**Q** 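Just dropping this structure here.
Computed from a prediction, not measured in an experiment: that's the story for all the values here. Atoms within a ligand are numbered from 1 in the order they appear, just like the ligands themselves. Each residue takes its place number in the sequence, starting with 1.
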Amino acid sequence: MTWLITGGAGYIGSHVVKSMTEAGERVVVLDDLSTGDPARVPAGVPLERGTVLDRAFLDRVLAEHRVRGIVHLAAKKAVGESVERPLHYYRENVTGLQVLLEAAAAAGVDSFLFSSSASVYGMPDTDLVTEDTPCAPLSPYGETKVAGEWMVRSVGRAHSMATACLRYFNVAGTAAPELADTGVFNLVPMVFQRLDAGQPPLVFGDDYATPDGTCVRDYIHVADLADAHLAAARRLAELAAAGDHRDLTLNIGRGEGVSVREMMDLIREVTGRPVEPEVTARRPGDPAQVVASADRISAELGWKARHDVRSMIASAWAAHTGAAVQPAE
Ligand code: WQD
């Protein structure tokens with residue numbers, strides 16, 4: 001069967017393309033190239049340039065490539081920008097998803113995988129976040145992911161699709177230098193940017209109720225995340241073939257908390273640079289701790305993360321400095 005991967009020219013999407021093609025799946029990439037880069041799409045994988053808001057374009061792509069399953073990653077993902085431009089986020093992430101689901105239902109697509117986020121949980125008041133932890137997003141970005149999940153589940157039930165909503169925790173690292181994250185929105189690239197500029201990295205608050213006072217997150221290597229998509233896509237295809245149109249909602253994390261201070265120490269070790277972080281004010285809206293329970297995904301898909309935080313930082317740093325990246329195997 002052929003899978004359409006929307007956002008397949010982006011940082012995460014291109015890793016999903018890599019995992020799925022290397023495992024022998026046939027894929028087509030759809031990307032509007034607003035932030036994606038066509039150089040990330042491997043030779044031999046068709047790239048359809050356009051937006052998920054364009055129904056006629058989607059109808060043509062789904063029919064021409066005989067698409068049976070969709071992995072939908074195309075979306076806006078900057079939390080701060082979503083606060084400034086909520087309508088833009090709702091249009092791209094919610095209306096775009098609606099148009100894509102309309103086209104998918106009309107084309108008889110039977111498997112649909114949706115890229116969701118730990119941001120659906122907001123400020124969780126628990127050590128380990130399970131999929132049953134209530135959703136309470138704190139930003140328009142997180143709201144669009146909650147609304148997206150609702151839409152995906154309802155449409156799956158009504159239109160005979162097996163569906164999965166994958167809630168990513170903090171994604172880092174790269175499997176190949178040309179697929180690296182070029183945005184500077186998250187901790188690791190933000191620290192690298194400060195090091196490049198000869199400035200001390202910033203720690204946003206060290207007075208949280210955590211062991212060392214800095215925020216704790218669950219970092220996941222993008223290669224592991226991509227493999228989770230492959231496992232979920234295959235599971236959906238099996239379910240759909242058996243006429244089982246259930247929906248899966250799965251955290252993708254390692255189940256291990258790492259503090260900002262621990263990240264800084266690891267970045268110092270891996271890069272060999274003098275990382276002397278400067279503590280600054282808390283960033284508004286940052287929860288103290290967000291760590292996944294990864295039990296459900298391991299039970300459902302037999303998936304487990306293989307890469308540790310050091311390998312996330314090492315691969316990102318190698319790509320950043322132009323050094324060879326160790327293969328993700
Ligand atoms: C991690 C920790 C910062 C930079 C966001 C989204 C979330 C998801 C992943 C998409 C925090 C601290 C950061 C710096 C710092 N995205 N930090 N100094 O905020 O956990 O999650 O990205 O789905 O929805 O909210 O990620 O990488 O920005 O920050 O101290 O220079 O590092 O305060 O505790 P975050 P992040």
**Q** Taking only Lys NZ, Arg NE, NH1 and NH2, and the carboxylate oxygens of Asp or Glu, determine whether Lys76 and Glu92 approach each other closer than 4.0 Å.
**A** no
**Q** Do the non-hydrogen side-chain atoms of Ser116 and Leu166 ever get within less than 4.5 Å of each other?
**A** no
**Q** Should Arg282 and Asp206 count as an ion pair when the cut-off is N to O under 4.0 Å?
**A** no
**Q** One line per pair, note the atom names and distance for all nitrogen or oxygen contacts under 3.5 Å between ligand 1 and the protein.
**A**
residue: ligand 1; atom: 18 (N); partner: Leu202; partner atom: O; Å: 2.6
residue: ligand 1; atom: 19 (O); partner: Arg283; partner atom: NH2; Å: 2.8
residue: ligand 1; atom: 20 (O); partner: Asn170; partner atom: ND2; Å: 3.0
residue: ligand 1; atom: 20 (O); partner: Arg217; partner atom: NE; Å: 2.6
residue: ligand 1; atom: 22 (O); partner: Asn186; partner atom: ND2; Å: 3.0
residue: ligand 1; atom: 23 (O); partner: Ser117; partner atom: OG; Å: 2.8
residue: ligand 1; atom: 23 (O); partner: Tyr141; partner atom: OH; Å: 2.8
residue: ligand 1; atom: 24 (O); partner: Ser117; partner atom: OG; Å: 3.3
residue: ligand 1; atom: 26 (O); partner: Asn170; partner atom: ND2; Å: 3.1
residue: ligand 1; atom: 27 (O); partner: Asn186; partner atom: ND2; Å: 3.3
residue: ligand 1; atom: 27 (O); partner: Leu187; partner atom: N; Å: 2.7
residue: ligand 1; atom: 28 (O); partner: Arg283; partner atom: NH1; Å: 3.3
residue: ligand 1; atom: 28 (O); partner: Arg283; partner atom: NH2; Å: 3.0
residue: ligand 1; atom: 30 (O); partner: Leu202; partner atom: O; Å: 3.4
residue: ligand 1; atom: 30 (O); partner: Phe204; partner atom: N; Å: 2.9
residue: ligand 1; atom: 33 (O); partner: Asp286; partner atom: OD2; Å: 2.6
residue: ligand 1; atom: 34 (O); partner: Arg217; partner atom: NH2; Å: 3.4

**Q** Clusters formed by hydrophobic residues whose side-chain heavy atoms approach within less than 4.5 Å: which one holds Met123, and what are its other members?
**A** Leu138
**Q** In the hydrophobic cluster built from side-chain contacts under 4.5 Å, what are the other members alongside Val203?
**A** Leu187, Val188, Val191, Phe192, Leu195, Tyr219, Val258, Val260, Met263, Met264, Leu266, Ile267, Val270, Val275, Val279, Val309, Met312, Ile313, Trp317
**Q** For Asp308, which residues count as a side chain to side chain donor-acceptor pair (under 3.5 Å) partner, sequence neighbours excluded?
**A** none
